[in-house]
Amino acid sequence: MPVSRRNFLRGVGATGGAGAMFGAMGALGLAPAASAAENAAFTPPRASDFTLTGRSSRSVLVLGAGIAGLTTAYELGKAGYRVTLLEGRHRPGGRNWTVRGGDTETDLNGETQRVRFAEGQYMNAGPARIPQHHVTLDYCRELGVAIEPFVNQNADALLYYTGDTAISGTAVRHRAAKADVYGYVSELLAKATNAGALDGELSGDDKEALVEFLRDFGDLGNSTGDPAAADLYLGGSGRRGFDVAPGAGLQAGSVSPAPGLHDVIASGIGREFSFEFGWDQAVMMFQPVGGMDRIAYALEKAVGPAKIRYGAEVTAIRTTPAGGEVDYVDARGATRTATADFVVNTIPPHIAARIPHNLGLGVTTALQAATGSPTGKIGLEYSRRWWEEDMRIYGGITNTDLDLAHVWYPSSGFHTDRGVVVGYYNYGQTALDYAALPHAERRERAVKNGALIHGDVYGEDIASSFSVSWSATKYSEGGWVDWTSQTGPEYATLLAPQGNVYFAGDHLSHAIAWQHGAMTSARAAVTALHQRVMSS
């Protein structure tokens, strides 16, 4: 998710008030009540719902074979609904896209890339991690998709920020930065407490307990024995990591001294620490073994590939007294019309807004209220895993204020010869700037900036590369969507059926950009549709 969550929430709160801000917090996984609601119990429809009541199953057209569409079809199929999926791409998954050698992709700028990753190497161009509380893992279990840990936070990954302090423009280990920030903040708070600044807030016992906590939390000490010099951050322990690691005999190890308080605070080196506290980012996290699209292909298999019409581009949607009609152009370029009792539209809303329909102006306005959010990644395949061999970084993420934003090291394949590093994962205008470049220039820019952090080795041993700009990717046009408000009438419009047409997708959840959001939204649509059928 974007690193600018704080600024985003401030902006939403300023323009939309507390209600809009709470909705935005939910979309970012920061509102516990909303997140808990997403995990409400779900009972899938069953074939016995029809056989025991004498009702006949119905037909459903699902538009889009992304995670929401596949989940919708899978759950409806359990009850015997006759489901057909129409998908513009020639693969399942939508934004769940794992890039492998031999794949080709032509973006909306007209550039075609052929992936040349070696066998077994891949990049998850879209979703790449799964929090342990997401229903995504439930589907992995149900569908037999093997999972493994995803290293979301690594104490030995790097932080690199520009500026004019002594540590600006220097790669700093995450553990060292955390030790220094926590240390100095603890020292300042301990001094303020001891000086009586919190006397109006804390009792004497509370103050003593707080200072005792800060001594441990911040690794505070006393270098002189003078009581007046107590509770200082000395910055000399192994929390910062060792320049010379402890070893045998007399090798006790050595630690570089911490930079000064001003440099640590002014550098902003601690700006990313709260990332790992997030509801949707805290360890443990997981990934499917072999690539995120293992989930998409498992769902495709469970639904039945014959029920999915690939290369089918939807051109019109209509609700009718008898059900729903959808016009589309098939893989051979022929115009066709499909009919069913119901339609579930999982096409991204900003794209669906351009598709002619008879659902009314309010639906068009609602679809237009969601806007695609630009984001991009580049995968750099190296023939030598230098980050492990030279820097002893095993998975995790390096964060920076350079236009790379995040550099991801692979969380699998340890100690093998090759690996794919995500050389940037960026958002907003920065992602648009990269999207405007041809792939060769994206790679050149990414490698140049990555070398500022990692050194010359970053530009060596690159075997191949592939970049994706989601704003320039057909059928997506964004990595996810942003709403001005998830409490307004536009959002509510799409939560309700419009005639015989339903909507689903992560954009209709409070877990936007997560497969969990797509799956829970699909479940909600399935439940509403099935209840309607059972009550008719």
Side-chain angles (χ1 to χ4, degrees), residues 3 98-101 103-105 107 109 111-118 121-126 128 151 154 156-162 168-174 272 374-411 413 416-473 479:
V3 295
T98 301
V99 177
R100 295 187 176 83
D103 294 345
T104 60
E105 179 73 11
D107 63 22
N109 298 329
E111 181 176 13
T112 298
Q113 294 182 66
R114 178 176 293 277
V115 187
R116 304 187 185 281
F117 294 162
Q121 302 299 316
Y122 64 85
M123 176 182 74
N124 289 317
V151 185
N154 184 342
D156 282 324
L158 306 173
L159 297 167
Y160 183 98
Y161 298 114
T162 57
S168 299
T170 301
V172 179
R173 297 277 187 175
H174 194 277
E272 288 292 335
T375 182
K377 290 181 181 178
I378 190 169
L380 303 173
E381 181 194 15
Y382 289 90
S383 58
R384 183 177 78 88
R385 296 172 76 102
W386 51 264
W387 54 95
E388 294 175 5
E389 296 177 16
D390 301 350
M391 306 184 74
R392 304 193 74 80
I393 298 176
Y394 287 80
I397 301 172
T398 279
N399 298 306
T400 177
D401 62 357
L402 298 174
D403 61 17
L404 309 175
H406 311 290
V407 175
W408 290 18
Y409 313 99
S411 292
T416 56
D417 292 334
R418 291 175 176 264
V420 176
V421 170
V422 175
Y424 62 74
Y425 178 18
N426 51 27
Y427 326 93
Q429 186 57 50
T430 300
L432 292 175
D433 292 343
Y434 271 88
L437 302 174
H439 170 71
E441 293 183 26
R442 295 176 190 172
R443 168 174 161 166
E444 179 182 7
R445 181 167 169 175
V447 170
K448 178 181 178 181
N449 284 333
L452 295 175
I453 303 171
H454 302 89
D456 292 342
V457 68
Y458 201 78
E460 301 169 358
D461 301 313
I462 299 178
S464 65
S465 60
F466 178 88
S467 60
V468 57
S469 168
W470 281 104
S471 60
T473 300

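No hydrogens, no waters, no symmetry mates; every other heavy atom, side chains included, goes into these values. All residue numbers in this chain count up from 1 along the given sequence.
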Separation of [Y] [atom2] from [X] [atom1] (nearest 0.5 Å):
X      : Y      : atom1 : atom2 : answer
Leu380 : Asp461 : CG    : CG    : 12.0 Å
Thr473 : Asn109 : OG1   : CG    : 9.5 Å
Asn426 : Asp433 : CG    : CG    : 9.0 Å
Arg442 : His439 : CZ    : NE2   : 8.0 Å
Tyr160 : Asp401 : OH    : CG    : 8.5 Å
Asp156 : Arg173 : CG    : CZ    : 5.0 Å

Shortest non-hydrogen contact from [X] to [Y]?
X      : Y      : value
Arg385 : Gly419 : NH1-CA, 3.5 Å
Asn154 : Gly396 : CB-CA, 3.8 Å
Val99  : Ala125 : CG2-CB, 3.9 Å
Tyr458 : Gly423 : OH-CA, 3.4 Å
Leu404 : Gly450 : CD1-N, 3.6 Å
Phe117 : Ser464 : CD2-OG, 3.2 Å

Please examine the side chains of [Y] and [X], heavy atoms only from C-beta on, and report whether any two atoms are closer than 4.5 Å.
X      : Y      : value
Val151 : Ser411 : yes
Glu105 : Val468 : no
Met123 : Val115 : no
Ile378 : Arg443 : yes
Lys377 : His406 : no
Glu272 : Tyr161 : yes
Val421 : Tyr382 : yes

Please state whether the rings of Tyr434 and Tyr424 are parallel, tilted or perpendicular, taking 30° and 60° as the class boundaries. tilted
Which class fits the ring pair His454 and Tyr409: parallel under 30°, tilted 30 to 60°, perpendicular over 60°? perpendicular
Carefully, step by step, assess Leu158 and Ile393 under the rule side-chain contact (heavy atoms from CB on, under 4.5 Å). CA-CA 9 Å; Leu158 306 173; Ile393 298 176; 4.2 Å; yes
With side-chain hydrogen bond (donor to acceptor under 3.5 Å, both in side chains) as the criterion, how do Asp403 and Asn449 come out once you've worked through the C-alpha distance, each side chain's angles and the decisive distance to 0.1 Å? CA-CA 8 Å; Asp403 61 17; Asn449 284 333; 2.9 Å; yes
Check this for me: Glu389, atom CD, are more than 12 non-hydrogen atoms of other residues, nucleotides or ligands nearer than 6.0 Å? yes
From Arg100, Arg116, Arg418, residue fulfilling side chain to side chain contact (heavy atoms under 4.5 Å, CB included) relative to Gln121: Arg418
